Protein chains: 2
Amino acid sequence: MVAMTTAARKTTNPETGRDRILREAAELFLTRGYAETSLRTIADAVDMQPASIYHHFESKDALLTEILEIGMEAVTTAFAAAAAELPPNASAPDRLHAHVAAHLEALFSHHAFTAAHVTVFPFAPAEVRAATVPKRDAYEANWTALLSAIAPGLDDDGVSIARLALFGAMNSTVQWFDPANGSTSDLAAAIVGPLWNGLANS
Amino acid sequence: MVAMTTAARKTTNPETGRDRILREAAELFLTRGYAETSLRTIADAVDMQPASIYHHFESKDALLTEILEIGMEAVTTAFAAAAAELPPNASAPDRLHAHVAAHLEALFSHHAFTAAHVTVFPFAPAEVRAATVPKRDAYEANWTALLSAIAPGLDDDGVSIARLALFGAMNSTVQWFDPANGSTSDLAAAIVGPLWNGLANS
DNA sequence: GTCTATATCTTGATAGAC
DNA sequence: GTCTATCAAGATATAGAC
């Protein structure tokens, strides 16, 4: 059970059997749920026998854990990349838009992995959740810092509520937004615009 | 398999064995997930044998269907009640706050039933989802009408996105808000305030 | 690294006594 | 209306050949 980093995984092209299992399983967990998806179903999707999966992953839980970790790495990397690309003197609404767009783009480009985080995580077995919590906390801290900086009038509770409500709004998009109908950047603008200026001005 | 309305159910006090099953099952589905919760677990929670549950519900799916229906009735009733209580000349932000507060209040007072709607519905068996969709659509139409009225500057797409993002924000509260830490009305104000006036002014 | 075969357990659901 | 007893199916996981 070797735990590779995303970097190591990315240099290992092309897609291995192991990667294929991860990808198909993530897709199935996302659409059907974790407990609802059997190893037989996953095995069918990758044209293997159920037993063969155990050569790559020690258990179904370990498979889910790795999927969730990949998803959290994707949004964390996207957040850092967006910060690096912003001009130093970017305005507050521009910064907000850049990070919302980055989150949404990661949500849809690594769709199965990141979206599984949104919908599957709450019902994952306790051990699986516990293994993923530290990375989630670190990512949330990025957002707390961002919102504090751009909305200095909010107190700590206000920042918390704003962050959680914004997460709720962004993450719910996996259940209703179709990237075929527009770019994630436009979607980000449609969310950030009314949020920044207020519905009062819309 | 008699399908009672909420009204009929409410006049049938006190809590029957059947009601107890509904309540405990809703709680378990919410916290552990539907597929993750066995009938044996539900039976334990109500101090019965698994077989006894089948006297009240014809299947596990039927039990979930009824739970989801109760939840949707609760928010629909709350929306109508909030509309009825508003003065005819209430301001747009007051109307928005009243309905957000009503939704949140219903979410937490009928917590297990309405929150199950948020988290369990996406993974419910297809037949269960199909049975509940019409009531969900009707409820959503209420919000579309409300948002169109109070933010006339938004086009249809803008209204849709605003509604979905707001739903995402409101419904995510079941995963992080604790009613012991404040009233749902205050929570509604904390969400509606920045949303209405804009983060730019916060 | 993938297979066949199978062990072991848990699941939703049923039969029938009381 | 609740029970005991049980079934048939499906689950995760393992053993060992190739």
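Predicted, not measured: the structure shown is a model, and the values here were computed from it. Chain naming here is simple, since letters A, B, ... match the order of the sequence lines and numbering starts at 1 in each.
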*So which nucleotide from D:dA13, C:dA5, C:dA13 ends up closest to the side chain of A:Ala51?*
C:dA5

*Sugar-phosphate, base or nothing in reach of A:Thr41, heavy atoms under 4.0 Å*: nothing

*Over how many whole Å does the gap from B:Ile53 atom CD1 to C:dG12 atom P extend?*
10 Å

*asked:* Of the listed nucleotides (C:dA13, D:dC3, C:dT2), which one gets closest to any side-chain atom of B:Tyr54?
replied: C:dA13

*Write down the distance between CG (B:Leu39) and C1' (C:dT14), rounded to a whole number of angstrom.*
13 Å

_Assess whether a salt bridge exists between B:Arg18 and B:Glu66, defined as any Lys/Arg side-chain N lying under 4.0 Å from an Asp/Glu carboxylate O._
yes

*asked:* Ring-plane angle category for B:Phe108 and B:His111, please: parallel below 30°, perpendicular beyond 60°, tilted otherwise.
replied: parallel

*What's the OH-P distance between A:Tyr34 and D:dA11, to the nearest Å?*
13 Å

*With no hydrogens and no angle check, do the side chains of A:Arg32 and A:Thr37 hold a donor and an acceptor under 3.5 Å apart?*
no

*So which nucleotide from C:dT2, C:dA13, C:dT4 ends up closest to the side chain of B:Ser59?*
C:dA13

_Does C:dG1 have its OP1 or OP2 closer than 4.0 Å to a side-chain nitrogen or oxygen of A:Ser52?_
no

*Whole angstrom is fine here: how far is it from CD in A:Glu58 over to C1' in D:dT14?*
14 Å

*B:His55 side chain: which of D:dA13, D:dT2, C:dT2 is closest?*
D:dT2

_Between P of C:dG12 and CZ of B:Phe57, the distance in whole Å_ = 15 Å

*Return the value, rounded to whole Å, for the distance between atom CD of B:Gln49 and atom P of C:dT14.*
17 Å

*asked:* Output the rounded distance in Å from CD1 (A:Ile21) to P (C:dT2).
replied: 7 Å

*asked:* Below 30° counts as parallel, above 60° as perpendicular, anything between as tilted: where do the rings of B:Trp143 and B:Tyr139 land?
replied: perpendicular

*Kindly assign one of parallel, tilted or perpendicular to the pair A:His103 and A:Phe167, based on the angle between their ring planes and the thresholds 30° and 60°.*
tilted

*Measure distances between side-chain N and O atoms of B:Arg40 and base N and O atoms of C:dG12, and say whether any donor-acceptor pair falls under 3.5 Å.*
yes

*Provide, to the nearest angstrom, the distance between the CD1 atom belonging to B:Ile42 and the P atom belonging to C:dT11.*
11 Å

*Out of C:dG12, D:dT4, C:dC3, which nucleotide sits closest to the side chain of B:Lys60?*
C:dG12

*Can you figure out which of C:dG1, D:dA11, C:dT11 approaches the side chain of B:Ser38 most closely?*
C:dT11

